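To start, the structure itself, in structure tokens.
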Amino acid sequence: MKSEPDAFSIDDLASQPDQTTHWEGVRNYQARNYMRDEMKIGDGVLFYHSNAKPLAVAGTARVVSESYPDPSQFDPDSDYFDEKATEKNPRWQLVDVKLVKKFDKPVLRDAIKNEPELADMLLIKKGSRLSIQPVTAAEWNKIHEMAGVDPE
DNA sequence: GCCAACGTTGGC
DNA sequence: GCCAACGTTGGC
């Protein structure tokens, strides 16, 4: 899951109550579908800092809820308000995410690009802007190895 | 700041 | 249903 640290960083996640947040504001159907259809409680999450210095996987988190409607779509004062969404017919779903570990040494995008085993990782594919992307078990393990952290 | 890639909108 | 125009993302 990508986040711009100016908007919401891994440190922000760490400072949330119970180190848990609602992953609000996703307004892309494909990304929504991953949360709605693919993410299950207990799934691991790589927390990636986009539009940042450095660009890096900053740590890991875990999915701790089923998907449910993103409340911000109903809030006229929210940047994420969607006038076409109704309580009966919500458009946008989210999951709750809880911090697992902030990496002592973030895994830099540059390092990922230089790692042959991660050549197929969606994150570094050209034009891959999706804010929520699937990660394979091999990629998950490799990122942990590069971070010097045992995968859970 | 630039711009390529991608997604969405809306007229037809 | 097509597609041009526009807006956004996000690395560089």
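So you know, we letter chains A, B, ... as the sequences are listed, proteins then strands, and number each from 1. All values below come from the heavy atoms of this structure, side chains included, with hydrogens, waters and symmetry mates left out. None of these values were measured; they are calculated from a predicted model.
Among the protein residues, A:K113 comes within range of the sugar-phosphate backbone only, with heavy atoms under 4.0 Å from sugar or phosphate atoms but none that close to a base.
Counting to the nearest Å, the P atom of C:dT8 and the CD atom of A:E4 are 13 Å from each other. Taking atom CZ of A:R27 as the reference point, atom P of C:dT9 lies 12 Å away to the nearest angstrom. Distance A:L108 CG to C:dG11 P: 13 Å, rounded to the nearest Å. Protein atom NZ of A:K2 is 7 Å distant from nucleotide atom C1' of C:dG10, rounded to whole Å. Distance CG (A:D6) to P (C:dG10): 13 Å, rounded to an integer number of Å. A:E83 has its CD atom 14 Å from the C1' atom of B:dT8, to the nearest Å. Per the geometry, CZ belonging to A:R91 stands 13 Å off C1' belonging to B:dG7, to the nearest Å. With rounding to whole Å, A:L122 atom CG is found 17 Å from B:dA5 atom P.
One finds a side-chain N or O of A:R109 lying less than 4.0 angstrom from the OP1 or OP2 phosphate oxygen of C:dG11. A:Y48 has a side-chain polar atom (N or O) that falls below the 4.0 Å cut-off from OP1 or OP2 of C:dG11. For A:K126 and B:dA5, the shortest distance from a side-chain N or O to OP1 or OP2 is below 4.0 Å.
There is no side-chain donor-acceptor pair under 3.5 Å between A:T20 and A:R62. Side-chain polar atoms of A:Y80 and A:D75 form no donor-acceptor pair below 3.5 angstrom. With no hydrogens or angles considered, a side-chain donor-acceptor pair links A:S72 and A:D70 at under 3.5 Å.
Between A:W92 and A:Y29, the gap from one ring centroid to the other is short of 6.0 Å.
You'll find that the side chain of A:R129 is closest to B:dC6, out of B:dG10, C:dG11, B:dC6.
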